[in-house]
Amino acid sequence: MRTEITELLGIQYPIIQGGMAWVAEYHLAAAVSEAGGLGIIGAAAAPAEWVREQIREVKRRTEKPFGVNIMLMSSYADEVARIVVEEDVKVVTTGAGSPEKYMKLWKEAGIRVIPVVASVALAKRMERCGADALVAEGTEAGGHIGENTTMVLVPQIVDAVKIPVIAAGGIADGRGAAAAFMLGAKGIQVGTRFVVTKESQVHENYKEAILKAKDIDSKVTGRSTGHPVRGLRNQMTKEYLKREAEGASLEELELLAAGGLRRAVVEGDVTTGSVMAGQSAAMIREQLSCQEVIERILQEMTALLKQGAEQAVM
Ligand code: TUI
């Protein structure tokens, strides 16, 4: 299947993996790339040398393209920005900020730069400063989110820029993928569904929490701090939201959430930890391999796109 995104990135299928903190490590990234998508290492808030080692591990497992996601609020972002150049990484996605100050360095190194954006304004700015494509991430996504839904964000960004747009947020099956292409996207980014794969190294408790999640289990904490984060409802989100409603200070709230993602992903503490996941968690009901996830999404999507509008009006 060829789109502007498969051609830009040299991949078989227009599916890229989200750069999820603590989750997107080399086993997962290599498996997604081997299956024909674009695997991504999530640098998150990790030290730069950890990222270098992850890059080398992916290269040991696949010769196919892969990328690194740089979380711009990380205190190591400057170092990681240099390491992707040193290690000859071909694709960089960014999140939680504007990567403008790194653009010249990356473009000169021939890196394909794909900022993840949650607003039309940032999308336009990114195109002006040389981005090759964009991920338009709706508020259905897990982790740090913006306000607009995928349904309204993707077409607005598609209309506002000339570079190809990858849709993200709430896409976990072929129906969501087909819808994304109808909105004008040339590719999709999938996060939560890849958390629950055989190759994903997250704790079994984390996978189980996603598998049993219902629609109403998705909660957003941190709206009052300016850094809203979506995850699954648990004791931590209950306490956080209670204290937030009481007007707790930023420091108090940060203390409550500190280290929570690591505790959930690594130790399996899904009670007091932070179980970041998108709203699509409620649609994920079985654990498959990364290859099976990609194959199923593509099969469902191509069948739906072939049927076109016929079915809708019958
Ligand atoms: O970045 C993400 N998802 C993330 S980052 C993360 S680690 C974190 N945890 C808690 C608080 C903050 C970060 C977990 N999940 N997705 C891409 C994304 N970027 N979503 C929203 C944004 C965004 C938000 C504001 C991008 C830029 C922005 O403002 C930039 C500017 O300077 O205008």
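Atoms within a ligand are numbered from 1 in the order they appear, just like the ligands themselves.
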message: Heavy-atom distances under 4.0 Å decide this one: backbone, side chain, both or neither, for V229 against ligand 1?
response: side chain
- request: Provide, to 0.1 Å, the distance between atom 7 (S) of ligand 1 and the closest protein heavy atom, together with that atom's residue and name.
  value: M71 CE, 3.8 Å
message: Under a 3.5 Å distance rule, please check whether Q156 uses its side chain to pair with a backbone N or O of V152 as donor and acceptor.
response: yes
field: Pair listing, side-chain hydrogen bond (donor to acceptor under 3.5 Å, both in side chains) test, anchored in residues 193-207, at least two apart
entry: K207-Q287
- prompt: Heavy atom under 4.0 Å from ligand 1: found in V135's side chain, backbone, both, or neither?
  reply: neither
- prompt: How far does CG of L134 sit from NZ of K124, to the nearest 0.5 angstrom?
  reply: 12.5 Å
statement: re atom 29 (O) of ligand 1, the protein heavy-atom contact at minimum distance is G97 CA, 4.3 Å
field: Pair K90 + D88: basic N to acidic O under 4.0 Å
entry: yes
Heavy atom of the protein closest to atom 16 (N) of ligand 1 (residue, atom name, distance): E137 OE2, 3.0 Å
message: One thing to verify: whether E34 and R61 come together as a salt bridge, which I'm taking to mean a side-chain N less than 4.0 angstrom from a carboxylate O.
response: no
- prompt: Looking at NZ of K101 and CG of D78, how far apart are the two atoms once the value is rounded to the nearest 0.5 Å?
  reply: 4.0 Å
task: Around atom 19 (N) of ligand 1, find the nearest protein heavy atom and jot down its residue, atom name and distance.
output: A96 N, 3.1 Å
message: Among all protein heavy atoms in this structure, tell me which lies nearest to atom 15 (N) of ligand 1, with the distance rounded to 0.1 Å.
response: H144 N, 2.9 Å
message: So, using side-chain contact (heavy atoms from CB on, under 4.5 Å) as the criterion, who are the partners of E147 when residues are at least two apart?
response: R223
- prompt: How far is atom 33 (O) of ligand 1 from its nearest protein heavy atom, and which residue and atom is that?
  reply: R125 NH1, 3.9 Å
message: Among all the protein's non-hydrogen atoms, which is closest to atom 12 (C) of ligand 1, and how far away is it?
response: M73 CE, 3.5 Å
